[in-house]
J.: 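The structure is given below, and queries will be raised subsequently.
The first residue in the sequence is number 1, and the count goes up from there.
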Amino acid sequence: MVSATRLDGDYPFHGKNTPLDQFEGVKIHLYRLGTEERELDALKSSACADQGSPSLLDTIILSQWENNSREGQLAYDVTACKLKVIEGERDFVIQMNDKWNSFSLNEYGKFSHPFGCSKLSSTKICGELLLCIEEGEKNEPEVVPLTTPPNDGVMLIANAYPVEYGHIFLVPNPTNRLSPFWDKKMFGLITKIAAEVNSAAFRVFFDGTSIVPNHTDFQACYFANPLPVESASTVPCNYPEYQNVTDMKTRSGVCVYETVDYPLKALVFSSNNANALVNVVSEACLTLRENNTAHSLMISNSGSNVFLFPQVKNLATGCYLSAWECCGYFVYHAKVDFDRASEAEISSRMASFSPEDGAFEDLKNLCCAIADDLDTCACAE
């Protein structure tokens, strides 16, 4: 085993000016996405000074999260937790963290109901809510003081028990939710946020592993290196003549891949067309929901890749894998388990959640059909 690397834990914004310093005395801000660079539905940040510079939204999220950490809002310093890479075919990443609480989202129950302007003065709310984001109408993104949470936006909340650096919840304001389970419009906004952050380290996760969920909340973290599933081999399903994402740049549609030689069956959707990607993934997830099939998602590569992991319940534990576990990243509470972790043990555990070949083949065919139909419609227009 070797030590894994993670993002700089020295808080790069400590003692430095941030984009929010101009709003003296303002605790919570609203970020409105810009409309520039969205021609042809392209997934591209409109707030990056140059290709090598952090985007405005990326800078704000990290500066707010680090402020939250310095103010003692987090239960521990996740950058001090020990990481190891289990060398082998898949290079799973494991973390030793005896303080991590996997049920910490329950503490944010008050965010599952709409709250008005008056509650924004609450010290407790201000200590947890980092930022709100909504669609904007101007070419450039803008940051303004927040008075009322946007009905069609998301609230970014620091996770007090982070799995990794910059761990946040992205919680839709329930006022205008179309469904208690899934809202295609909200998923589109989350994908645009990933594109706007425009960081290779930023991953967004969603767990649809509860048959009767009472929230549609996403989570996001920053990972310094590609997660194991991102390094897994893939083969194209719907366009076999295209062997990689680069070949797809000439198409307007979504390419569907499946992972090979990975212990958990997974599909990968790839496209630079935001609307097409959101439509295909949303239709697939809605079908899984209707069939009572648990699943998890990861959005990566600045919003242009979405990993879908259908799951079956583990008979021994009665539970499911989290989205980051599906991706090959595991947190251990006990040092003895951390020290004994092996590729064989993790692979066996992941495989126990994987659906049968027939069920996965049906899902793959469905996703390919959805992508092909959308591509045919786009070509006809």
J.: Are the side chain of S352 and the backbone N or O of R349 linked by a donor-acceptor pair below 3.5 Å?
T.: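 Yes, S352 side chain to R349 backbone: donor-acceptor pair under 3.5 Å.
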J.: Compare all side-chain heavy atoms of E134 with those of D152 and state whether any distance is below 4.5 angstrom.
T.: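 Side-chain contact under 4.5 Å: no.
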J.: Taking all heavy atoms of Y262 and all of C326, pick out the closest pair and write down the distance.
T.: OH-O, 2.7 Å
J.: Is there a salt bridge (Lys or Arg N to Asp or Glu O under 4.0 Å) between R90 and D261 once you walk through the steps?
T.: CA-CA 9 Å; R90 302 178 180 96; D261 297 325; over 6 Å; no
J.: CG/N139 to OG1/T35 distance, rounded to the nearest 0.5 angstrom?
T.: 4.0 Å
J.: Strictly distance-based, threshold 3.5 Å: is any side-chain N or O of E343 a donor or acceptor partner for the main-chain N or O of I86?
T.: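 Judged by distance alone, no pair lies under 3.5 Å.
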J.: Taking all atoms of both residues into account, what is the closest heavy-atom pair of L308 and A284, and its distance?
T.: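 Minimum heavy-atom separation between L308 and A284: CD2-CB, 4.4 Å.
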J.: With a 3.5 Å distance limit and no angle check, can you tell me whether Y76 reaches the backbone of P162 through a side-chain donor-acceptor pair?
T.: yes
J.: Indicate yes or no: at least one non-hydrogen side-chain atom of D91 is less than 4.5 angstrom from one of S231.
T.: no
J.: For V260, is there any backbone N or O sitting under 3.5 Å from a side-chain donor or acceptor partner on S233?
T.: no
J.: Heavy atoms, side chains only, cut-off 4.5 Å: are F307 and C327 in contact?
T.: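 No, too far: nothing below the 4.5 Å cut-off.
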J.: Applying side-chain contact (heavy atoms from CB on, under 4.5 Å), name anything that partners E258, two or more places apart in sequence or on another chain.
T.: V235, C237, L267, F360, K364
J.: Is the closest basic N to carboxylate O distance between E345 and R340 below 4.0 Å?
T.: no
J.: Atom CG in L56, atom CD1 in I60: separation rounded to 0.5 Å?
T.: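 It comes to 4.0 Å.
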J.: Taking all non-hydrogen atoms of both residues into account, name the closest pair between L189 and I133 and its distance.
T.: CD2-O, 4.3 Å
J.: Ring centroids only, cut at 6.0 angstrom: are H167 and W100 within range, meaning strictly under it?
T.: no
J.: So L156 and Y31, do their side chains get closer than 4.5 Å, heavy atoms only?
T.: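 No, too far: nothing below the 4.5 Å cut-off.
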J.: Using the rule given for side chain to side chain contact (heavy atoms under 4.5 Å, CB included), can you reason through S322 versus D207, listing the C-alpha separation, both sets of side-chain angles and the distance that settles it, and then say yes or no?
T.: CA-CA 7 Å; S322 67; D207 282 309; 4.2 Å; yes
J.: Counting N and O atoms only, with roles assigned by atom type, does the side chain of Q311 sit under 3.5 Å from a partner on the main chain of L321, one being a donor and the other an acceptor?
T.: yes
J.: Pick one: which of F205, F223, F92 meets ring-ring contact (aromatic ring centres under 6.0 Å, His included) with W324?
T.: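 Result: among F205, F223, F92, F205 is the only option passing the ring-ring contact (aromatic ring centres under 6.0 Å, His included) with W324.
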J.: Between H333 and M96, which heavy-atom pair has the shortest distance, and what is it?
T.: O-CE, 3.0 Å
J.: If only atom types and distance count, is the side chain of Q64 paired as donor or acceptor with the main-chain N or O of L130 below 3.5 Å?
T.: yes
J.: To the nearest 0.5 Å, tell me how far I299 CD1 sits from I190 CD1.
T.: 7.0 Å
J.: Evaluate the criterion side chain to side chain contact (heavy atoms under 4.5 Å, CB included) for residue pair Y257 and N305; output intermediate values, then yes/no.
T.: CA-CA 10 Å; Y257 298 85; N305 288 348; over 6 Å; no
J.: Could you tell me whether the side chain of L74 reaches within less than 4.5 Å of the side chain of W65, counting heavy atoms only?
T.: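 With C-beta onward as the side chain, the pair touches.
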J.: Answer whether the closest heavy-atom distance between the side chains of V268 and T259 falls below 4.5 Å.
T.: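 Of all side-chain heavy-atom pairs linking T259 with V268, at least one is under 4.5 Å.
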J.: Any heavy-atom pair between the side chains of I370 and V254 that's under 4.5 Å?
T.: no
J.: Using atom types as modelled and distance alone, determine if a side-chain donor or acceptor of R70 lies under 3.5 Å from a backbone N or O of N68.
T.: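 Checked: no pair found.
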J.: Take Q219 and V163 through the test side chain to side chain contact (heavy atoms under 4.5 Å, CB included) and record every step on the way to the result.
T.: CA-CA 10 Å; Q219 300 185 55; V163 166; over 6 Å; no
J.: Please report the shortest heavy-atom distance between G166 and L62, naming the atom on each side.
T.: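 Of all heavy-atom pairs spanning G166 and L62, the closest is CA-CD2, 4.5 Å.
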J.: Do the ring planes of F206 and H295 sit parallel (below 30°), tilted (30 to 60°) or perpendicular (above 60°)?
T.: tilted
J.: Taking all non-hydrogen atoms of both residues into account, name the closest pair between P54 and T59 and its distance.
T.: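 It is CB-OG1, 3.7 Å.
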J.: Kindly compute the distance separating NZ (K265) from OG (S354), expressed to the nearest 0.5 Å.
T.: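 Result: 3.5 Å between the selected atoms.
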J.: So, are D98 and K335 salt-bridged, with charged N and O less than 4.0 Å apart?
T.: no
J.: Quick one: does T191's side chain have a donor or acceptor within less than 3.5 Å of a partner on F187's backbone?
T.: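 Yes; at least one donor-acceptor contact below 3.5 Å.
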J.: Going by heavy atoms in the side chains, are F338 and K82 under 4.5 Å from each other?
T.: yes
J.: Is any NZ, NE, NH1 or NH2 atom of the basic residue among K184 and E283 found under 4.0 Å from an Asp or Glu carboxylate oxygen of the other?
T.: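 So K184 pairs with E283 through a salt bridge.
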